[in-house]
Asks: 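Quick one: the structure is below, and I'll ask about it shortly.
FYI, the numbering just counts along the sequence from 1.
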Amino acid sequence: MLRISAILVLLLSLNSCKSQQNTKKEVQIAFIADVHLQDIFAKFEDSDYKGIKNHKTGEYVNIRTMNAQLHSTRIFNENYFAFLEALNDIVKRNIKQVVLPGDFSDDGQPVHVRGLRKILDEYSKKYGISFFVTTGNHDVVKPFSQDATKTDFLGKDGKEQIISSKNNLNKTKSDLQPIITADIKNWGYQETIQEMRDFGFFPKKNDLYWETPFSDYSYDQYNFEKAQKESALEKRTYLIKNTNLFLPDASYLVEPVKGIWLLAIDANAYVPNEKLSGLPNNPNDFSGANTGYNNVLIYKSHLINWVKKVSAEAKHKGKILIAFSHYPMVEFNDDASPELKQLFGANKMQLHRVPDEEVAKQFADAGIQIHFGGHMHINDTGVRTSAKGNTLFNIQTPSLAAYMPAYKILTIHSKTEFEVETIVIGKVPNFDSLFDLYEQEYAHLQNIKSDQIWNKEILKAKDYKDFTNWHLKELVRLRFLPEDFPVDFLKSIEKLSGKDLLELNKNTTEINQDLKTNSLTISDFESWTGFDMIFDFYRLKSADELAFSEIGKQRLKQYELICKQLKKSNDPKLILWAEIFWKTMNGEPSDHFKIDLKNNKIDNLSVK
């Protein structure tokens, strides 16, 4: 009897252990890139200026004009509410680790960095969330603090209001008196990192491990006091090539959860001017850092050696290594960059930001397998395998301040199996709470007979997702078409109907067969124009798979047929356009997918 009881107890114990294993929650990490937070409700510490009163809510706000937003690749104002909604969504999902891969602020202004810190502090204390951030080109515009001016805040009567940290402004167009405040300057590393110190940049007592590229201890020797001593920013500097100047490097490695290593790479690489001023900490001695990894290979090669060391140690100790930084490590145009360069030119379409193939090779061979990037405000997945057989999966996280507004969730199933899901933040409370103020701006632009007035239909957006769609549409019309598209090429397709584009080659028999095979008629192509195709190209370029449902299966089929026909054209530009568009429609899975590191493959989990 005792023996039977013992067996029963053992069986119950085994079942209990098995049940606990089955119900054990897998580690999830949320990635929110390019927040570009502008604290629209903030008050300046050294100025009585409150901003403008929103009569709808009774609150004073400091916001940028709609005109500024629609000429920028990022939204300045409404993304404040979208960020809060994303954090609330993360809270509902009970995710405790959140990564911000750079451009967490508008331009590293004190008022906005402080505003972000307050938000992160609140969610940390209230919900037990740990935040880990890294620097982007908008967080530390130059390595050292500098004066700055924004000419496009919304002021009284819908006019532009200048806010500046400079007292000696040149003559300005606006008839409103400029607001002078140090809170609008661009902070450098010292100030920004100190303000954001609690979010990964410095060690915390509850971290299981923390180091920098300059730490002099090993994992087995680790203790908090030692890490704290080594974390001082003056100990975290590197020598700039061909100079005697040292700059800070805010990279760090942290183990927030047992077995998970988060590798934060500070890929801001500032290029020194040929002629240096000789003054200490002079921001004007350097260019900005927006090029990313191409310059990292030249000016921050110490990072490659550190990554190799970290990757080898992670492998040796059985740690799961997840890297993140602000910039992409892999080409992000679905391998259409060569064609984009030929059609639009090497300095258009942000092609200067495309990482060289050498970047992917170096980091893959250094041991990075999964990397989350931002910077480009796009949803994309890039995969590269080096000659040595090392595979790097680069996951581009969309921005909440652009189309399509979303963040990523990484679920770690095992040491070799990972799931990535993209969460669209479509419905956002208060996203339209500033619209009455834009009405005043619109009336002012009409009154002064502005030649670049924006489309007022954007103020009818039904939700935040629709608002970002309108933002992109106006951005294409007001900026991308004039700046990026060759005039003759644009004229050749912009006003043509889809039917005209399909029939450019006059392959009537083949076209009729394709229409029949795809259950389409020629009249299906008459309801849209070349501009619609261009706009959908930008939607696909920005959102990838997330744009499929917006464009619709039928229209995507029509685009496929047009690309097929244009590839047979006698016009080299039309051939390039068809190749670019087709590649943009057919990239790697980017919405919901699984990464299998054992077999180095990616599987689409999206419902088609």
Side-chain angles (χ1 to χ4, degrees), residues 32-47 49 51 61-64 74-77 79-84 86-87 98-125 129-150 153 163-166 179-202 204 231 233 236 247-252 264 266-268 270 281 283 288-290 325-326 374-375 399-401:
I32 312 178
D34 298 277
V35 173
H36 287 289
L37 188 94
Q38 179 174 285
D39 188 353
I40 61 175
F41 298 111
K43 300 295 180 282
F44 301 128
E45 289 187 347
D46 57 356
S47 170
Y49 181 69
V61 290
N62 269 306
I63 62 173
R64 309 281 274 284
R74 69 188 193 269
I75 291 163
F76 297 115
N77 307 324
N79 52 310
Y80 177 90
F81 304 110
F83 180 52
L84 296 180
L87 291 178
V98 178
V99 169
L100 275 61
D103 279 6
F104 46 77
S105 67
D106 173 51
D107 264 328
Q109 303 98 330
V111 67
H112 301 322
V113 180
R114 283 199 308 264
L116 176 65
R117 178 185 56 76
K118 287 173 187 173
I119 292 170
L120 299 191
D121 275 342
E122 181 188 343
Y123 279 82
S124 294
K125 288 167 186 168
I129 294 174
S130 295
F131 291 96
F132 301 95
V133 306
T134 191
T135 50
N137 57 301
H138 280 277
D139 305 314
V140 192
V141 177
K142 295 287 181 73
F144 307 107
S145 183
Q146 62 180 359
D147 277 319
T149 300
K150 295 292 183 189
F153 275 87
I163 303 182
S164 177
S165 64
K166 299 177 187 175
I179 305 302
I180 309 300
T181 169
D183 269 347
I184 212 72
K185 69 179 1 180
N186 299 149
W187 263 350
Y189 267 92
Q190 187 67 43
E191 302 88 350
T192 302
I193 301 306
Q194 288 298 335
E195 189 70 24
M196 299 293 286
R197 63 176 298 119
D198 290 336
F199 311 117
F201 287 125
F202 291 88
K204 297 178 87 169
S231 69
L233 205 57
R236 297 159 67 179
L247 289 183
D249 182 332
S251 302
Y252 62 89
D266 173 9
N268 278 356
Y270 302 92
N281 302 343
N290 66 18
S325 69
H326 183 55
H375 191 44
S399 171
L400 292 172

Asks: Evaluate Thr181 against Tyr49 for side chain to side chain contact (heavy atoms under 4.5 Å, CB included), listing each step before the verdict.
Replies: CA-CA 9 Å; Thr181 169; Tyr49 181 69; over 6 Å; no
Asks: Say whether, by atom type as modelled, one donor and one acceptor occur between the side chain of Asp34 and the main chain of Ser399 under 3.5 angstrom.
Replies: no
Asks: If we only count heavy atoms from C-beta on, is the Phe83 to His36 side-chain gap below 4.5 Å?
Replies: no
Asks: Atom OG1 in Thr135, atom CG in Leu100: separation rounded to 0.5 Å?
Replies: 12.0 Å
Asks: Show the nearest heavy-atom pair for residues Ala33 and Gly374, with the distance to one decimal.
Replies: CB-CA, 4.0 Å
Asks: Take Asp139 and His326 through the test side chain to side chain contact (heavy atoms under 4.5 Å, CB included) and record every step on the way to the result.
Replies: CA-CA 10 Å; Asp139 305 314; His326 183 55; 5.9 Å; no
Asks: Do the side chain of Thr134 and the main chain of Gly102 share a donor and acceptor less than 3.5 angstrom apart?
Replies: no
Asks: Considering all heavy atoms of both residues, which atom of Arg236 and which atom of Phe202 are nearest to each other, and what is their separation?
Replies: NH1-CE2, 3.9 Å
Asks: The criterion is salt bridge (charged side-chain N to carboxylate O under 4.0 Å, His left out); which residues satisfy it with Asp106, sequence neighbours excluded?
Replies: Arg64, Arg74
Asks: Grab the two heavy atoms, one from Ser325 and one from Pro101, that are nearest each other, plus how far apart they are.
Replies: O-CB, 3.4 Å
Asks: Tell me the closest heavy-atom pair linking Asp147 and Ser165, and the distance in Å.
Replies: OD1-OG, 2.8 Å
Asks: Could you give the distance from CG (Asn268) to NE2 (His138), rounded to the nearest 0.5 Å?
Replies: 10.5 Å
Asks: May I ask you to check whether Tyr80 and Phe41 place their ring centres under 6.0 Å from each other?
Replies: yes
Asks: Arg197 and Gln194: which non-hydrogen atoms are nearest, and at how many Å?
Replies: NH1-OE1, 2.9 Å
Asks: How far does CD1 of Ile119 sit from CZ of Phe131, to the nearest 0.5 angstrom?
Replies: 9.5 Å
Asks: Can you spot which of Ile193, Leu116, Leu120, Val98 makes a side chain to side chain contact (heavy atoms under 4.5 Å, CB included) with Phe199?
Replies: Leu120
Asks: When you look at Phe144 and Leu247, which way does the side chain to side chain contact (heavy atoms under 4.5 Å, CB included) test go after all the steps?
Replies: CA-CA 9 Å; Phe144 307 107; Leu247 289 183; 3.6 Å; yes
Asks: Any side-chain heavy-atom pair from Thr192 and Phe104 closer than 4.5 angstrom?
Replies: yes
Asks: Locate the shortest heavy-atom distance separating Ala86 from Leu400; write the atom from each residue and the value.
Replies: CB-CD1, 3.8 Å
Asks: So how far is it from His112 NE2 to Phe76 CZ, rounded to the nearest 0.5 Å?
Replies: 10.0 Å
Asks: Should Ile163 and Asn62 count as side-chain neighbours, where that means a heavy-atom distance under 4.5 Å?
Replies: yes
Asks: With salt bridge (charged side-chain N to carboxylate O under 4.0 Å, His left out) as the test, would you mind laying out the steps for Arg114 and Asp183 before giving the verdict?
Replies: CA-CA 10 Å; Arg114 283 199 308 264; Asp183 269 347; 2.9 Å; yes
Asks: Is the shortest heavy-atom distance from the side chain of Pro248 to the side chain of Gln190 under 4.5 Å?
Replies: no
Asks: Is there a side-chain contact between Phe44 and Ile180, using heavy atoms and a 4.5 Å cut-off?
Replies: no
Asks: Say you draw a straight line from CZ of Phe153 to CD1 of Ile179; how long is it, rounded to the nearest 0.5 Å?
Replies: 10.5 Å
Asks: Could you walk me through whether Gln109 and Asn186 pass side chain to side chain contact (heavy atoms under 4.5 Å, CB included), step by step?
Replies: CA-CA 5 Å; Gln109 303 98 330; Asn186 299 149; 4.2 Å; yes
Asks: From Glu191 CD over to Leu233 CG, what is the distance, rounded to the nearest 0.5 angstrom?
Replies: 10.0 Å
Asks: Is it true that Asp103 and His375 share a donor-acceptor pair across their side chains at a distance under 3.5 Å?
Replies: no
